[in-house]
Structure formats: C-alpha cells, structure tokens
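Beneath this line is the structure, given in structure tokens, with notes to follow.
Indexing begins at 1, ligand by ligand and atom by atom, following the structure's order. Throughout, numbering of the chain's residues begins at 1 and tracks the sequence. Remember, it's a predicted structure, so these values are computed and weren't measured experimentally.
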Amino acid sequence: MFRKFLTMFSLMLLITSVAGADDDGLMKRAQGMFKPIPLTPPAIEGEPATPEKVRLGHMLYFEPRLSKSQLISCQTCHNVGLGGADLQQVATGHGWQRGPRNSPTTFNAVFNVAQFWDGRAKDLAEQAKGPVQASVEMNNNPEQVIVTLKSLPAYVDAFKKAFPAEKDAVTFDNVARAIEVFEATLITPNAPFDRFLKGDAGALNAGEKEGLAAFMNKGCAGCHNGMNVGGLGYFPFGVVEKPEADVLPPGDLGRYKVTNTAADKYVFRSPSLRNVAITQPYFHSGTVWPLRDAVSIMGSAQLGMVLSEDEVGSITAFLQTLTGEQPQIVHPVLPPSTSRTPKPVL
Ligand code: HEM
Ligand code: HEM
C-alpha cells in the first residue's frame, strides 16, 4: 500500500515538475517577446509632466468646446469608461458624420511607435491637433479654439500654471502638449498577462497559457509584440489572403497615403492588443465584432492558416488576459461659458 502511495506520489511530483518546467519555458519565451506595462506613466522626452500640465490636459480631453458643436470632446470617441474607445464601427463626429475608420483606444497609445492606423502622426501631441480640425470629427479651427479658451478665465489661469515660462500660454500647440501628457497617464498595468510576465505562473490558467503558446508559435507575436503586444510596426493587411471587401475596404489604401510608396498599399500599423477584449469592434474598418472572428481572420489573412475552433478559443482566452487595470478618471468640472464664449454651431 505504502509503495503504491509512493509511486503515485512520485508520479504526481514528476507531472507537476514537468508542468512547472513547461511554464518556465513558456514564461521565459514570453519574457523575451513582451514587456509588462509600467505601473507609472512614462516620461515624454522634452515634455515634463507637471501636475498643472496633466490637470490642464485632463480638462481639455473632456472639453466639448474644442469642437464647433460644443458637443464633441476627445472623450466622445475615446471614452475612458469604455477602454478608451467608442463602441462604434467608425468614428461618428460633427453632424453625425461617419468618418472612414474605427476609433482606436487612447489607452497605452503613448507606447505605440506612431499614431493613427497608418502612423501618420509621429506622437500624441502631433496627433491631438488632427481631430480638433477634422471636419468629420470636431470640425473646429485653431483660431476659434483659442478665442473660446481665452473667453474662459479658469483656462487662462490653468495654461499660465501649466506653461509658466511663456508669456502667452494659451496656444494651440500648448493645447496639444497638455493633452499629450494627460494621455500618457492613460495606461493599464497589472493585466493577468503582466503578472505572468513578472513571474507569477498562476496568473494565467491552462487554457490561457495554451493560447499564449499558440500566439507565439503560430506567428501572431511576429507582428504583435513588445510592451503593447503590437503598435510597433507596419504590415500589409492581407499578407497572405485578402480579407473580404467589407473588412478591408478597397478605398482605404492605408500607409500608402503617408509614404506614397506602392509597397505600402493596404499597409497598416499592427494595433496594440492591450485591452482588445473590451474595445470591439475590430480592424480599421470596425466591421468585425466578435474577437474570435478577428482572430480567425488574422489566421487566414496574415498567416495563411485556418485556425481550429480550439486554437481560436485559446488564443481568444489569452487575448482576454491583456485587459489591465483601467485608469480611474474623474470627469473634471469645466469652467462655465462667458458672454465672450462663441456659441455652439451644429
Ligand atoms: C485616433 C486621441 C478626438 C476618432 C486617435 C489616436 C489618438 C487620439 C491618440 C491614435 C491612437 C492610435 O493610433 O493608436 C484623440 C484626442 C482627441 C480625439 C486627444 C481630442 C482632441 C477624437 C474624436 C473622434 C476621434 C472626437 C471621433 C469623432 C478617432 C479616429 C482615429 C483616432 C477615427 C483613427 C483615425 C485614423 O487612423 O485615421 N485619436 N482623439 N478622435 N481618433 Fe481620436
Ligand atoms: C489587427 C490578432 C497575426 C498584423 C489585429 C486585431 C487582432 C489581431 C485581434 C484587431 C485589433 C483591433 O482592431 O483592435 C492577431 C492574432 C494573430 C495575428 C491572434 C495570429 C493568429 C498578425 C500577423 C500580422 C498582423 C502575423 C503581420 C503580418 C496586424 C495588422 C492589423 C492587425 C496590420 C490591423 C489590420 C487593420 O485593421 O488594418 N490582429 N493578429 N497580425 N494585425 Fe494581427
């Protein structure tokens, strides 16, 4: 009896140590390909994040008076309660106009190599000037934004405090700079995957680990790696097989419009997959809703393989472990309009 128990015990030990060794190998490989999201916001080169600047950026992110209608703010399309995105297929802005692309999340955007689906803005400050002026988004212009902000004494004061060395601190450049430092605070650390990367083997369950292994073995990690599990490089959408026209609309040539190089037709930045489980719908066209379907499409379009139901299931389970702690952002109290504030134009 005792011998039987001993044999069973050693068998169990063997199984656990093999599983442990496998976990070890998986963790080491993952640590070589990905990095955890830091616990505190990253510093932006040349743009020190003073509390005054972050506070101003926070207000501006929620400020609908940056738009001509005074209804639309960054928060409209990058809702901090919805994973930094908007649940819409494509962005819906001024006069209910529908833009050409899905709104990507602003969360962890600071870690992307460049901004927008085609990488046309080099950083968050350059990016922030776009939507304010885009006719289908906020439909405003820099001059009107400055007139509006200068009509609100609390903003004049906040700009002075955020940019104390400048004589006339209320400028369109400074709007973008303040928003940039606020956006850098929108990071989502401590996802189960981050805890795994930091050495907690129990942070992922067996199915999720299988998904992680498949994600690395099948080649997904070739384009979705680093701290943001993506966001670092540009790749053709449909490397092996072109997706259907609704998923990859023929009219959006992607990075070609930025570089004017034929090889960049239908090339897009591989998006970060951080928080992907809560930022439906998917792809720049926003036409795919279930995450499982997005995973299958990636298998055929990017890798030329039909992933089995089980593989799609485990990869999807792994992607769910990329949901981190969401930033707890309080809606700021914004200064009341004055008699000098321009009226909203719908
Ligand atoms: C892209 C921030 C307003 C819709 C982005 C990105 C950031 C951002 C950081 C790039 C993310 C990435 O590439 O991963 C902001 C800020 C705003 C603002 C700071 C306010 C000043 C809006 C509004 C809408 C919108 C009001 C919707 C009407 C979009 C869309 C994209 C985008 C569709 C992708 C566009 C493309 O790739 O061509 N935004 N956004 N944004 N945002 Fe906004
Ligand atoms: C988009 C997952 C392989 C490049 C996506 C999205 C997901 C995903 C879920 C949509 C994200 C969003 O819209 O927010 C995967 C998985 C893969 C894989 C699970 C392996 C089965 C690859 C490979 C490449 C790649 C190998 C590069 C050759 C891209 C690009 C996009 C994308 C460029 C953006 C497509 C667009 O909308 O224009 N991926 N991916 N992916 N992925 Fe992958």
Side-chain angles (χ1 to χ4, degrees), residues 57 60-64 66-67 72-78 84-86 88 90-94 97-112 114-121 123-125 127-132 134 136-139 175-176 179-180 182-183 186 211 214-215 218-224 228-231 233-240 243 247-248 252 254 257 266-277 279-288 291-303 305 307 311-312 315-316 318-319:
L60 292 170
Y61 189 94
F62 283 85
E63 180 51 81
L66 292 186
S67 69
I72 301 168
S73 66
C74 313
Q75 162 74 1
T76 309
C77 302
H78 304 284
D86 61 3
Q88 301 299 307
V90 288
T92 304
H94 189 81
Q97 290 176 88
R98 283 157 59 88
R101 291 180 180 161
N102 174 259
S103 310
T105 175
T106 44
F107 290 1
N108 308 306
V110 64
F111 302 123
N112 288 336
Q115 303 300 317
F116 290 124
W117 285 98
D118 50 19
R120 69 184 181 279
D123 55 32
L124 291 171
Q127 190 287 327
K129 294 180 185 169
V132 175
V136 294
E137 295 185 8
M138 300 164 97
N139 195 28
V175 169
I179 291 179
E180 177 178 38
F182 170 67
E183 276 185 299
L186 301 178
F215 191 82
K218 302 274 175 198
C220 316
C223 302
H224 299 278
N228 255 359
V229 193
Y234 303 98
F235 305 93
F237 188 13
V239 186
V240 187
V247 177
L248 180 63
D252 189 341
K257 275 200 78 183
Y266 303 109
V267 166
F268 294 87
R269 195 195 57 198
S270 72
S272 162
L273 299 183
R274 291 276 178 188
N275 302 297
V276 71
T279 57
Q280 288 177 310
Y282 302 113
F283 299 125
H284 70 270
S285 55
T287 46
V288 175
L291 184 52
R292 290 181 66 97
D293 291 3
V295 170
S296 299
I297 291 171
M298 276 284 122
S300 54
Q302 305 305 92
L303 298 166
M305 54 175 76
L307 298 173
E311 287 166 339
V312 171
I315 292 176
T316 305
F318 161 63
L319 294 180

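- Using a 4.0 Å cut-off to heavy atoms of F283, the atoms of ligand 2 that qualify are 1 (C), 5 (C), 6 (C), 10 (C), 12 (C), 13 (O), 35 (C), 37 (O).
- Contacts with ligand 1 closer than 4.0 Å are made by no heavy atom of H284, backbone or side chain.
- For the atom pair CZ (R120) and NZ (K257), the distance works out to 8.5 Å, reported to the nearest 0.5 Å.
- Residue Y282 approaches ligand 2 through these ligand atoms, each under 4.0 Å from one of its heavy atoms: 12 (C), 13 (O), 14 (O).
- Annotation: protein N, O or S atoms under 2.8 Å of atom 43 (Fe) of ligand 2 (waters excluded) comprise H224 NE2, M298 SD.
- Ligand 1 has an N or O atom lying under 3.5 Å from an N or O atom of N112, backbone or side chain.
- Within the listing of ligand 1, atoms 2 (C), 9 (C), 19 (C) sit less than 4.0 angstrom from a heavy atom of E183.
- Those atoms of ligand 1 with a heavy atom of S73 less than 4.0 angstrom away are 26 (C).
- Side-chain N or O atoms of Q115 include one that pairs as donor or acceptor with a backbone N or O of A109 at under 3.5 Å.
- Judged by distance alone, with hydrogens and angles left aside, the side-chain atoms of Q302 form no donor-acceptor pair with the main-chain N or O of I297 at under 3.5 Å.
- In this structure, the side chain of H284 does not engage the main chain of F268 through any donor-acceptor pair within 3.5 Å.
- One distance of note links CG of L307 with CZ of R292; it measures 10.5 Å at 0.5 Å rounding.
- Looking at atom 37 (O) of ligand 1, its nearest protein heavy atom turns out to be W117 N, 2.8 Å.
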Open item on the list: Working note: S103 + D86, criterion side chain to side chain donor-acceptor pair (under 3.5 Å); need CA distance, chi angles, decisive distance, verdict.
Closed with: CA-CA 7 Å; S103 310; D86 61 3; 2.8 Å; yes
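- S296 places a side-chain heavy atom less than 4.5 Å from the side chain of V312.
- Not a single donor-acceptor pair under 3.5 Å links the side chain of N228 to the backbone N or O of G230.
- Atoms of ligand 2 lying under 4.0 Å from at least one heavy atom of G219, given by number and element, are 26 (C).
- Of all atoms in ligand 1, numbered sequentially from 1 with element shown, those under 4.0 Å from a heavy atom of I72 are 26 (C).
- Atoms CG and CG, from N108 and L273 in turn, are 11.5 Å apart once rounded to the nearest 0.5 Å.
- Expressed to the nearest 0.5 Å, how far NE2 of H78 lies from OG1 of T105 amounts to 8.0 Å.
- Listed by number with element, the atoms of ligand 2 under 4.0 Å from a non-hydrogen atom of L303 are 20 (C), 21 (C), 26 (C).
- Using modelled atom types, no side-chain atom of S73 and backbone atom of E63 make a donor-acceptor pair closer than 3.5 Å.
- In this structure, the side chain of S67 engages the main chain of I72 through a donor-acceptor pair within 3.5 Å.
- With a 4.0 Å heavy-atom cut-off, ligand 2 is reached by no atom of N102.
- Of all protein N/O/S atoms, those lying under 2.8 Å from atom 43 (Fe) of ligand 1 come to 1.
- For F182 and Y61, the distance between ring centers is under 6.0 angstrom.
- Residue-ligand proximity: R120 is placed with a non-hydrogen atom under 4.0 Å from ligand 1.
- Ion pair D252/R101 flagged as a salt bridge, since at least one NZ, NE, NH1 or NH2 atom sits closer than 4.0 Å to an Asp/Glu carboxylate oxygen.
- At the top of the distance list for atom 13 (O) of ligand 1, counting protein heavy atoms only, stands F116 N, 2.6 Å.
- Contacts of L124 with ligand 1, taken as heavy-atom pairs under 4.0 Å, involve the side chain alone.
- Rounded to the nearest 0.5 Å, atoms CG (L186) and SG (C74) are 10.0 Å apart.
- Between F237 and F283, the gap from one ring centroid to the other is short of 6.0 Å.
- Remark: ligand 2 atoms within the under-4.0 Å shell around heavy atoms of I315 are 19 (C).
- Checked by atom type and distance alone, the side chain of E137 never pairs as donor or acceptor with a backbone atom of A134 at under 3.5 Å.
- A distance of 5.5 Å separates CE of M298 from NE2 of H224, quoted to the nearest 0.5 Å.
- Atoms of ligand 1 found under 4.0 Å from any heavy atom of T92, numbered from 1 in the order shown, are 28 (C).
- Looking from atom 10 (C) of ligand 1 to the surrounding protein, the closest heavy atom is Q115 OE1, 3.4 Å.
- Near I179, meaning under 4.0 Å from any of its heavy atoms, are these atoms of ligand 1: 19 (C).
- Using a distance-only test at 3.5 Å, with no hydrogens or angles considered, a donor-acceptor pair links the side chain of S270 to the main chain of C223.
- A donor-acceptor distance shorter than 3.5 angstrom exists from the side chain of W117 to the backbone of N102, with no hydrogens or angles considered.
- Only side-chain heavy atoms of F237 come within less than 4.0 Å of ligand 2; its backbone N, CA, C and O stay farther off.
- Under 4.0 Å from ligand 2, not a single heavy atom of Y234 appears.
- For the pair R269 and ligand 1, the shortest N or O to N or O distance falls below 3.5 Å.
- Here is the list of ligand 2 atoms found below 4.0 Å of a heavy atom in V239: 28 (C).
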